[in-house]
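Note that the numbering runs from 1 along the sequence shown for the chain.
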Amino acid sequence: MALFYALLFALVFLIRYSAGQLKIGFYSETCPEAESIVSSVVQDAVVSDPNLAAVLLRLHFHDCFVEGCDGSILIENGPNAEKHAFGHQGVGGFEVVEKAKARSEDACPGVVSCADIVALAARDAIALSNGPSYQVPTGRRDGEVSNVTLADDMPDVSDSIQQLKTKFLHKGLSEKDLVLLSAAHTIGTTACFFMTKRLYNFFPGGGSDPGINPSFVVELKATCPQNGDVNVRLPIDRGSERVFDKQILQNIKDGFAVLESDSRLNDDIITNAIIDSYLGILNPIFGPSFEADFVESIVKMGHIGVKTGQQGHVRRLCAAFS
């Protein structure tokens, strides 16, 4: 046990050390237009397809949780590419990142990394969904490894609360970060594919997950009938799927969580208390700010395993090691 905590401390130290090498305005001299280019591309994409805001936010999360925030998920190097991992099912937004990269290359060849574009795109997607605006420390370099097996330990919708806490802890993220980053599900949709087990074969005993509000079970089964089309999509944040707000936390608290992993936040005294801290009539005056705390968590996540300085390189194309 002592060795475990020693290794964990070393991991967190490395995360914090590498975090210190990123800085706000990294491209202010080498490519002053970098952030505005990304913002423009993301805005055009989200106007065309509002669901892309959630897709770009999710892309940032999935990139950071495998090999760190280094753009490894963008690589297309055959069937063994990381992006084809089971845990990355439904992840998209690659074409938006590639478009922003192409424009960045036109303005400043070989300067702006794909990893930074992913982080900036997530920031802009949140702002376009009426979420908080914040600054993103940049200076990431692109990774040189992409392998499907490296994504084996991604957080999964069917994970227990202890599994989720452990996976986040291994990335230097706390229970509070787990709650706040799960709350990113405030925007976007999911497929019935991820609901089948929870609605019809929940372990133990089969049937539906008892954590689902009974009235919501009826609603979910109507959208995702047994043996129905598993590609049908439904909002993850019931009633507020296109607005970045804390309604997702109230839904989780009341048994209206769509994803099983979100519902599991009710199973732990610590994560449950964190949810409660953002709810209630006195929260706006005396409680913590959901928006401010979310920004702190996503910026923290954006520092996981970053490559800076002489590590990695800056790709010319985000999908290739070039």
Side-chain angles (χ1 to χ4, degrees), residues 18 37-38 41-42 45 48-49 51-106 108-122 125 138-159 167 170-171 188-194 196 229-231 233 261 301-322:
S18 61
I37 288 171
V38 176
V41 171
V42 171
S48 175
D49 180 2
N51 193 54
L52 276 173
V55 171
L56 290 168
L57 175 52
R58 187 178 180 217
L59 179 63
H60 183 34
F61 176 88
H62 280 252
D63 182 36
C64 289
F65 259 71
V66 181
E67 286 294 292
C69 311
D70 68 348
S72 59
I73 195 172
L74 306 172
I75 292 293
E76 180 54 86
N77 59 343
N80 290 323
E82 177 197 320
K83 69 191 303 181
H84 300 307
F86 182 83
H88 288 329
Q89 286 183 100
V91 175
F94 305 109
E95 70 288 347
V96 179
V97 174
E98 204 68 73
K99 186 173 183 179
K101 176 60 174 174
R103 290 193 184 176
S104 299
E105 285 295 303
D106 287 341
C108 320
V111 174
V112 183
S113 72
C114 300
D116 275 341
I117 291 174
V118 171
L120 291 167
T138 45
R140 299 167 186 81
R141 287 168 67 84
D142 298 321
E144 299 171 333
V145 175
S146 173
N147 191 298
V148 67
T149 62
L150 297 175
D152 286 346
D153 204 31
M154 277 292 300
D156 186 80
V157 291
S158 62
D159 282 344
K167 288 179 179 182
H170 284 167
K171 300 297 180 182
T189 62
T190 190
C192 286
F193 172 82
F194 295 104
T196 303
D229 183 357
V230 296
N231 295 311
R233 301 195 70 82
S261 56
M301 183 193 79
H303 288 94
I304 295 174
V306 295
K307 295 163 181 64
T308 59
Q310 298 303 308
Q311 300 170 313
H313 69 293
V314 176
R315 298 181 204 141
R316 298 290 178 148
L317 294 173
C318 291
F321 291 125
S322 60

Trainee: Assess whether side chain to side chain contact (heavy atoms under 4.5 Å, CB included) is satisfied between Leu74 and Glu98, documenting all intermediate values.
Mentor: CA-CA 9 Å; Leu74 306 172; Glu98 204 68 73; over 6 Å; no
Trainee: Within the distance-only criterion (no hydrogens, no angle test), does the side chain of Asp63 pair as donor or acceptor with the backbone N or O of Gly71 below 3.5 angstrom?
Mentor: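 Checking the backbone N and O of Gly71 against the side chain of Asp63, a donor-acceptor pair under 3.5 Å is found.
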Trainee: Considering non-hydrogen atoms only, spot the tightest contact between Gln89 and Arg58 and give its length.
Mentor: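 Scanning both residues, the minimum pair turns out to be O-NH2, 3.0 Å.
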Trainee: Shortest non-hydrogen contact from Leu59 to Phe94?
Mentor: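 Here Leu59 and Phe94 meet closest at CD1-CE2, 3.8 Å.
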Trainee: Taking all atoms of both residues into account, what is the closest heavy-atom pair of Lys307 and Glu67, and its distance?
Mentor: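 Closest pair (atom of Lys307, atom of Glu67, distance): NZ-O, 2.9 Å.
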Trainee: Check for a donor-acceptor pair, side chain of Glu82 on one end and backbone N or O of Leu150 on the other, with a separation under 3.5 Å.
Mentor: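 Not a single qualifying donor-acceptor pair exists.
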Trainee: Quick one: side-chain contact (heavy atoms from CB on, under 4.5 Å) partners of Ala191, sequence neighbours excluded?
Mentor: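 Ala191 satisfies side-chain contact (heavy atoms from CB on, under 4.5 Å) with Phe193, Phe194, Arg233 once adjacent residues are dropped.
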Trainee: Which one of Val314, Val306, Val118 satisfies the side-chain contact (heavy atoms from CB on, under 4.5 Å) criterion with Arg140?
Mentor: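 The side-chain contact (heavy atoms from CB on, under 4.5 Å) with Arg140 is passed solely by Val306 among Val314, Val306, Val118.
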Trainee: Evaluate the criterion side chain to side chain contact (heavy atoms under 4.5 Å, CB included) for residue pair Arg316 and Lys101; output intermediate values, then yes/no.
Mentor: CA-CA 8 Å; Arg316 298 290 178 148; Lys101 176 60 174 174; 5.5 Å; no
Trainee: If we check side-chain contact (heavy atoms from CB on, under 4.5 Å) with Cys114, which of these qualifies: Asp70, Ile73, Asp142?
Mentor: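 Result for side-chain contact (heavy atoms from CB on, under 4.5 Å) with Cys114: Asp142.
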Trainee: Are the side chain of Arg141 and the backbone N or O of Ser113 linked by a donor-acceptor pair below 3.5 Å?
Mentor: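 Not a single qualifying donor-acceptor pair exists.
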Trainee: If you round to the nearest 0.5 Å, how far is CD1 of Ile75 from CG of Asn80?
Mentor: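 The CG atom of Asn80 sits 14.0 Å away from the CD1 atom of Ile75.
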Trainee: If you look at every heavy atom in His88 and Lys83, which pair is closest and at what distance?
Mentor: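 Heavy atoms of His88 and Lys83 come nearest at CB-O, 3.7 Å.
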Trainee: Walk me through whether Glu95 and Leu52 qualify under side chain to side chain contact (heavy atoms under 4.5 Å, CB included).
Mentor: CA-CA 11 Å; Glu95 70 288 347; Leu52 276 173; 4.0 Å; yes
Trainee: Is the NZ atom of Lys99 crowded by more than 12 outside heavy atoms at less than 6.0 Å?
Mentor: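 It does not: Lys99 NZ has 12 such atoms or fewer within range.
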Trainee: I need the Leu56 CG to His60 NE2 distance, nearest 0.5 Å.
Mentor: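 Leu56 CG to His60 NE2: 11.0 Å, rounded to 0.5 Å.
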Trainee: Please give me the minimum heavy-atom distance between Gly139 and Thr308, naming the atom from each residue.
Mentor: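 Smallest heavy-atom distance, with atoms named: O-CG2, 3.7 Å.
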Trainee: Mind checking ring-ring contact (aromatic ring centres under 6.0 Å, His included) for Phe61 and listing every partner two or more places apart, or none if nothing turns up?
Mentor: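 Phe61 satisfies ring-ring contact (aromatic ring centres under 6.0 Å, His included) with Phe65 once adjacent residues are dropped.
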Trainee: Determine the minimum heavy-atom distance between Gly143 and His313, stating which atoms define it.
Mentor: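 Minimum heavy-atom separation between Gly143 and His313: O-CE1, 4.1 Å.
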Trainee: Taking Glu76 for the side chain and Ala320 for the main chain, is one N or O donor matched with an acceptor at less than 3.5 Å?
Mentor: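 Judged by distance alone, no pair lies under 3.5 Å.
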